[in-house]
Structures are given as structure tokens and as C-alpha cells.
Chemist: 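Once you've had a glance at the structure underneath, I'll fire off some questions.
Because only heavy atoms are used, hydrogens play no part in the values below, and waters and symmetry mates are left out as well, while side chains stay in. Note that ligands are numbered from 1 as they come in the structure, with each ligand's atoms numbered from 1 the same way.
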Amino acid sequence: MSDLYRLRGLSRRRFLAASASALGLAALPAWSRRLPATDDLFRLRTGPAPWSLQPVGPAVSGAWGYNGIVPGPTLRYRRGEQLRILLDNGLAQPTSVHWHGIRLPNAMDGVPHLTQPPVAPGETFEYVFELPDAGTYWYHSHLNGPEQLARGLVGALVVEEPDPYPVDRDIAWLLDDWRLTRQGAITEDFNNPHDMSHAGRIGNTVTVNGRLPHAMDVRPGERIRLRLMNAANGRIFGLAFDDLPVHVIAFDGQPVTPHQPEGGRVVIGPGMRADVVLDYPAEADRPFVVRDTFYRGMEYQLMAFTVTGSQVRETAPAGSPPALPANPVPEPNLDGAETREIVFGGGMMGGTGMQQMMRMMREGMAWTVNGRPVEGPGQGNREPTFTLARGQSCRIVFRNDTRWHHPVHLHGHHFRVLTRNGSAEPYQPFRDTVLMNPDDTIEAAFVADNPGDWLFHCHIAEHQAGGMRGMFRVRD
Ligand code: C2O
Ligand code: CU
């Protein structure tokens, strides 16, 4: 397979040019650019942003963006490079940036009250760290998520492999979900008690890279790497790709054995990513549609691929695409592992009694971690939920004692997902966020190699705000 690409002479420069042109497609805004590898600080300024759902169309009022765009600029680096960004807060409320999935020093993690002070209006904060892993990541505000994520403070962060992966185009889709009024304003019912205690803020408008998706042109015989990112507050996506050959090659930035998605669809909860490779037939006389089938009865068509133009090759590549090179994520040692259990409870219709729910909700809380609602206004409990010595392997058990889905995210580490309800998880991928179905018990393992106090939480913004969060300490 790779010979095929070598024959085509896909040089790095052409590879980058190809990815740039992929982003100039009619339905998608020109939103990506590679940052120069200089020592200069790149400034990321938060503030109200003019934004519309179509390239030409009325503005949606109430959006906030980075550097005036929604989503923020796509940041592209190569593995091993240093990210140097100055957050400049132009909002009327404090904020911070979290670099979701990057294994970075604790002080750069962007969690207010835990790893840094909130960045007040008019103030700045400098983020400088190296990017140890290639893959698909993202960045977002980590303060007042129910409002700041819902208004658009999100962006893609792509870290390229040392050698380009052999595809014809590399495309990123940052998926988001908005709750808009009929007048085209962002609905300001952030963190209302219903969203908080049920499925989170599910909106009424889905966007790809900040625009209403329609159709995208692809060429006959083309092989595309599609980076999927879920930046929504609460919506889970389950994407089915018609009868196109599709292979998952990475989850949450980390390579996984290339495989066809389970049940034919790629499921991505808030915060999660998946890299897939799509192969378009060399002869095609019909469009292929991407459908989101996650919520029963709410299925819809997200996008259509129109196969058009000259053939890229005479026969489409067959079989699995090559595996991505591994990142230097430490392998947990199960023999010497310590076990920690996290039980998530609360929410409506679960085992938490109505009286306790009402009591919690009077205090703006709806969820429990290991039986207790989180205390105080900070991001995590003041006391760690658990502590590990640096270098310790940990077997971690996530138990979902609720009637709801929860994408659980650990900061600063990737963990291998071992089992789900007693069955081996297919391919046992490294992930930074795992989607728990109602009543699931998930077993994972990781090496606590990154010292500091790290947040863990459900990535549904309203659940996190409603108490579904905690902190773990890695002692130096
Ligand atoms: Cu992407 Cu703590 O978050
Ligand atoms: Cu949740």
C-alpha cells in the first residue's frame, strides 16, 4: 500500500498543500493554517465573535471565539515541537485554556483553581510546553464550561506525525452542537437544572467547523484521513458512513490497530476524537451520505460526499490502511498495579432518591463521585479522590451507577481501556476520554507518570458543573 503512495510522490509540501485545499471546500470555511515554528508567542484572544452558520448569512448573536472566529484557529504542529501561546482574555468574565489530551506539565493544564488562577478580563497567561504525542487533540475554555463552550470557545489542535501518513488528503471536522433561538441567537439558558440532571445541553443545530454542513467534493479513488472531534457540550455523535470502506486508525489522538468501526458507526462523546480513513471508489455514480444515528428517533444526515473530478488512481486502495506509528505513552504493568474505583452516581431516574436529588439540586449539584457530591466552587474536590506515587501503574475501574451516558476524561494521562462489563474492549486502545453507557463498568489502566493534581470529570459540561468531577494526585 505505501508503495502506491510513494509512487505518487506525495511529498510533504504537497501533503500540506493538499490539506490546505481540503479546507477551502465550498461548504467549509478556510480555517486552518500551520503555525510557523518560531519562538514567537502566538496570541489567542477570547472575545465576542461575529459568526454565521453559512459563509454568507446573518450573524448568530451571542457567540464568543478565539481571535474572532468560531471555532478558534486550528493549531497545527509537528510532534516534539513546542507550543507557545499567549491567552489574552477579551471577555468580561475570567477564562482559561485546556489542551485536551496533551500530556503536558501540570502547570500548563489550564484548570482554574487547580493548576492556575483564572485569567481575569484584560489579563493574559502564557502557555509553553512540548507536544510529546502526534494525533488529533483540541483546546477549549476550562472555566464556566456550560456557557463558554456553548458560546464557541473551542478549537482544533493537530499534531502531525514525524512522517506524513500516506493519504491523499487530511481533513479535520470539529463537530459542535448549538442551541439557537428562532431569531438566530445563542439560547442563554446555560446550565439549567434540567440539562444538568439529564443528558446535558443538547442543541438544535449541528455544525462542522462552525458551519452548517452540506456536501463535500471528493475524487474517485481518493483516500482521506478524517479527524473527527466532538466539541459539543452534551451531544454524542454516532456517525455511519454509508457503504464506504471506513477504518478507525486513532482514538483520542493515540493510534489504534486499524479496524472497521464496531456496528458500522463511529461513536464520539463530548471531548472524544477519532481518526478514520475513508476510501472512495474509483468509479462511483452516486453520493455517499454520512448519517448521525446516535439517538434513536433523532437520526439525520450530517453530510454528503459527492464523488467528482478526475480519478486519483484507477483502483481504490483495498484493505486496511497502515497503522500510525505509536506515541511514547508508557505501558501500564498490570502485575504491580494498584486498583482505584470511581463510582459515578446521581442524575434523574437513577438510584439516587428524589429527596437527595432535590437537596443536591438546591445547591446546584446533580451528580456524585464515590457517593459524595463535589464540594465548593472549585474545579475539583479540595482533597484528592485518590493518590498515586509517580511511576505507579494503576488499574482504574469506572462504574456508571446512573441512567445516562458519560464521557469520562482524565487529565494529563492516557489510559488503556481493558474491559467493558467484563468483556475485553476491542483493540484495548489508549484514550483520554471513555464513553460510559448507562450501568457500564469499565476497567482501564495507566501509568501515573505525570506529577501534579489532575482533574477528572464527565465531559458533558453540565454534568461536570453539576458535580461529576474529582481530582487525583500524582505524588512526585
Ligand atoms: Cu476537555 Cu477537563 O477537559
Ligand atoms: Cu456525564
Chemist: With a cut-off of 2.8 Å, does His457 put an N/O/S atom close enough to atom 2 (Cu) of ligand 1?
Modeler: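 Checking His457: at least one N, O or S atom is under 2.8 Å.
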
Chemist: Are the charged groups of Glu147 and Arg151 less than 4.0 angstrom apart, N to O?
Modeler: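 Between Arg151 and Glu147 there is a salt bridge, with a charged N closer than 4.0 Å to a carboxylate O.
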
Chemist: Between Phe251 and Arg273, is there a cation-pi geometry (under 6.0 Å to ring centre, at most 45° from the normal)?
Modeler: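 Here Arg273 fails the 6.0 Å and 45° test against Phe251.
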
Chemist: For the pair Glu81 and Arg79, find out whether any cationic side-chain nitrogen is under 4.0 Å from an anionic carboxylate oxygen.
Modeler: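 A salt bridge is absent here (no side-chain N lies under 4.0 Å from a carboxylate O).
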
Chemist: Atom 2 (Cu) of ligand 1 is nearest to which N, O or S atom of His411?
Modeler: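 Nearest N/O/S atom: NE2.
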
Chemist: Angle class for the Phe472/Phe446 ring planes (parallel below 30°, perpendicular above 60°, tilted otherwise)?
Modeler: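 The arrangement is perpendicular - the two ring planes meet at more than 60°.
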
Chemist: Strictly under 2.8 Å, is atom 2 (Cu) of ligand 1 approached by any N, O or S atom of His100?
Modeler: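 Within the cut-off used here (under 2.8 Å), His100 places no N, O or S atom near atom 2 (Cu) of ligand 1.
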
Chemist: Has His406 got an N, O or S atom lying less than 2.8 Å from the Cu ion (ligand 2)?
Modeler: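 Yes - counting backbone and side chain alike, His406 has an N, O or S atom under 2.8 Å.
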
Chemist: Please work out the angle at the Cu ion (ligand 2) defined by atom ND1 of His463 on one side and atom SG of Cys458 on the other, rounded to 10°.
Modeler: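 Between ND1 of His463 and SG of Cys458, at the Cu ion (ligand 2), the angle is about 130°.
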
Chemist: So His409 and His459, would you call those rings parallel, tilted or perpendicular, with 30° and 60° as cut-offs?
Modeler: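 The arrangement is tilted - the two ring planes meet at 30° to 60°.
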
Chemist: I need the NE2(His459)-atom 1 (Cu) of ligand 1-NE2(His140) angle, rounded to 10 degrees.
Modeler: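 Seen from atom 1 (Cu) of ligand 1, NE2 and NE2 are separated by roughly 110°.
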
Chemist: Using a 6.0 Å cut-off, check whether atom NE2 of His194 has over 12 heavy atoms from anything other than its own residue.
Modeler: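 Atom NE2 in His194 is not crowded, with 12 or fewer foreign heavy atoms closer than 6.0 Å.
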
Chemist: So, 2.8 Å as the limit: is an N/O/S atom of His409 located closer than that to atom 2 (Cu) of ligand 1?
Modeler: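 For His409, the answer is no, given that no N, O or S atom comes within less than 2.8 Å of atom 2 (Cu) of ligand 1.
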
